[in-house]
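The structure under discussion appears below in the form of structure tokens.
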Amino acid sequence: MGTEAAVQMKGITKCFGATVANNNVDFELKHGEILSLLGENGSGKTTLMNMLAGIYYPDEGQIFVNGREVSITSPKDAFNLGIGMIHQHYKLVDVFTAAENIILGLEEKGGLDRRAVSAKVKEIADRYGFDIDPNQKIYEMSVSQKQTVEIVKVLYRGAEILILDEPTAVLTPQETDKLFKVMKNMKADGKALIIITHKLNEVMAVSDRVAVLRKGVYIGDVPTKDTDPQKLTDMMVGHAVTLNIDRPQYDKPQERIEVQHLTVKDAEGVSRLKDVSFNAVGGEILGVAGISGSGQKQLLEAIAGLQPAEPGSRILFKDEGGKEHELLGKDPLSIAKLGVALSFVPEDRLGMGLVGNMDLTDNMLLRSYLTGRSIFADRKKPKELAQKVVDELEVVTPNLQTPVRKLSGGNVQKVLVGREISMNPTVLMSAYAVRGLDINTSYAIYNLMTEQKMKGVAVIYVGEDLDVLLELCDRILVLCDGEVSGIVDARTATKDGIGLMMTQNQNKEKEGQS
Amino acid sequence: MSANKETRREPFVRISKRTSISRGKAWGIRGIALLLALIVAGLVIFAIVRLNPVFVYGAMWEGAFGTKTRAWATVRDAMLMLCIAVGLAPAFKMKFWNIGAEGQILVGGISTAFCMIYFKTGMSPFLLFIVMIVTSAICGAVWGLIPGIFKARWNTNETLFTLMMNYVAIQLTSYSVAKWENPPGSNSVGIINQTTKVGWFPTIFGQQYLLNVIIVMILTVAMFIYLKYSKQGYEISVVGDSENTARYAGINVRKVYVRTMALSGAICGLAGFLAVSGASHTISTSSAGGRGFTAIIVAWLAKFNTFTMILISFLLIFLEKGATEIASRYNLNDYASEIITGIILFFILGSEFFINYDVKFRGRGRKGAEKND
């Protein structure tokens, strides 16, 4: 290995159609370092890393691994060079054990020696401090355990260079700390790590060096100890951005939604929500925190009329006159007919909130196509609305006739949020509204939420970044395994406190079992 | 295959999805594909039968458009194909895999034959026409509704369901043929009302098949407008793209399934009416003749644009007619002509790949590129 860089990329250019994802990028990774790759959405971070992992092939430029020029045409080539990438979406077989997943696809001669595999997995786990049971099935695992399996999988294949694509997006603060410890152990062992992340405090906590991309161009790199979040943001965005979220008080709060004893079971009869009670108040942002899959989706969908609930559950909407309307048992259309202006930004933007194959105008039409008596849909107003959303939220799109699936994640979200806010809601619900969005767009979304709150809208904000929840919301409801483990005042609560509440019930269960 | 780590090799071809393509370029690619298809098919013809491909293509053209009668037969068959494709368009746009057009055509045809046989007296021709249109559409609609309702209620697999409905329709047809046998013992219905021509399409401006064209053109335009501009058409698109989004928008997904399948079946039922009253004037188990399947290709190739379907229907029928002609003229068996049809379809379908994807070959004269491969 010597003094050579683990990875060196020279003059890398990659285009998708007319879009230049990476433009003449020079990039270097040393052995025994953790490098943060930072950049706004669509700045080409993942594209650049995918070229190392053999998923894309560069249009131009050279890649050197350990000082030797290489050509990586498939993930297999990448593995042979000791490069392993842990993607955002895990690729594991649910019914297999950890060990079975780890050896999946390896062409080893001779029979399958499960004991040897387990031993080797144990050895890797012990060396770096992973917490893993080789014989546990994937479907029994938490998100963080699944991630561990993915990391051990690439280590098992002898990876010396690890790329982690937004690994902390789904973890609790405690799990994140654990991951960072493991990463530092790997670094101490001489491995080279790249972490792609949006969260600046994590960049500061774990990395040695930060490399910044902006619009496909390599802006530069700095040692982490010489920089701070503000400077990094300026590098990423290209101009100064204020990172403070305003939290004004609304003076005439009015209760809007009251949820009582909400219990929801899925098709298999497993409880997704258990006896959930809370209220949402106009002029307030109610944050919902919890590990993903703790019932956030069911909660919002139950309010939106998309999720049937068990008997005894009630969801009441209180209108201006204080009259109560039961929302459970009604579909979205009948809820709208009640005069309840309920806006919903679902987690699955293209699978639920928008129609990917339709253009912007037709997506605006989704909420209003039934207006008017004519059998024909009126596209004039939606077209004006689409233009308005594009102008006001600065959506980057070639034109209004572009199918929304061709837009970048941030722009897709702007289209969705823009449409929902245009309905003048009384209640605005959003799930992971800033997931995968860059800093600029994220803050634009936070501001929109606050703006709505100051109009007297009851905002329910399901989020994953606790720092943001604590800054943005007025109250935070913490879900744990479908139960409310507490509702706290966001002005006084602490990150660790919420982190504990997110896992509290699980611990209780485990103790009960053992 | 282990990677040779020493030499730098670039993949020979790289494929990337196109973000956009101009209309002119897309049609250019299709044109090139057709030209290539003709060249390749020509080579194959020459290799097998030692005939001048130009003469063979000429014969194909004559087979389809050589005489006035032939041209009108081509038009008639293309209209029938188009009608079925127009009927399938809403179902497939909703991603409802309706492969039951065969059955829907047959039940529409049976009901038309029934009207022609039992109402041949006592009804004015105009009234009989209306009755035939309504009954065939209703029968087709019922045939489409049944799988539609099952899908909406119990989420059954529509592909298997519509396929099985075809077999039921075929058995029904056999039963009807046995019942209406004419003359007895012939095991066929024969030409219904051959002398009186009751219930046959009238000749308009001296053209026997002009009414077929009019009916199908009305359907084509109406379906285009329905899918593109109506609220129901919008609902179909949303359901086809994502059921979850449809529910989110307050669309009653079940209702859309049922309604759309009724519409799709009704138009396919009308195609059965066209086939019996407007073309063959008889009914048999082969009245649909696989057109219900071929029309799926028409609908998908046209990306559910009913005007594009006109073009594709004509192309397919032209190939069919032309192939039959060269088979008889040059004493080839049917397979030889089907090879030609196959080659042409292969190229046309294949050209869609080049429209959706950009294929780049290895750059020439690149720095460090290895010559050996």
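Reminder, nothing fancy here: chain letters follow the sequence lines and each chain counts from 1.
- Contact tally against chain B (heavy-atom pairs below 4.5 Å) for Leu333(A), Leu354(A), Leu365(A): the top residue is Leu365(A).
- In the displayed structure, Lys93(B) atom NZ is contacted under 6.0 Å by more than 12 heavy atoms of other residues, nucleotides or ligands.
- For Asn357(A), the parts sitting under 4.5 Å from any heavy atom of chain B are the backbone and the side chain alike.
- Contacts between Glu243(B) and chain A at a heavy-atom distance below 4.5 Å are absent for every atom of the residue.
- When all heavy atoms are compared, the tightest approach of Ile63(A) to Ile12(A) is CG1-CD1, 3.9 Å.
- With a threshold of 4.5 angstrom between heavy atoms, Thr402(A) does not approach chain B through any atom at all.
- At most 12 heavy atoms of other shown residues, nucleotides or ligands fall within 6.0 angstrom of atom NZ in Lys215(A).
- For the pair Arg30(B) and Phe354(B), the NZ or CZ position fails the cation-pi test of under 6.0 Å to the six-membered ring centre and within 45 degrees of the ring normal.
- Comparing Ile335(A), Leu366(A), Asp331(A), Val355(A) by how many heavy-atom pairs each has under 4.5 Å with chain B, the most go to Leu366(A).
- Within a 6.0 Å radius of OH in Tyr229(B), no more than 12 heavy atoms belonging to other residues, nucleotides or ligands are found.
- With a 4.5 angstrom heavy-atom cutoff, Asp362(A) touches chain B via backbone and side-chain atoms both.
- Proximity to chain B (any heavy atom under 4.5 Å) is shown, for Leu306(A), by both the backbone and the side chain.
- Between Glu235(B) and Lys255(B), no side-chain nitrogen of the basic residue sits less than 4.0 Å from a carboxylate oxygen of the acidic one, so the salt-bridge criterion is not met.
- A donor-acceptor pair shorter than 3.5 Å cannot be found between the side chains of Asn244(B) and Ser242(B).
- For a residue to count as touching a neighbouring chain, one of its non-hydrogen atoms must lie under 4.5 Å from one of that chain's; by this rule Leu350(A) touches chain B with the backbone only.
- Contacts of Tyr56(A) with chain B are absent, with no heavy-atom separation under 4.5 Å from either backbone or side chain.
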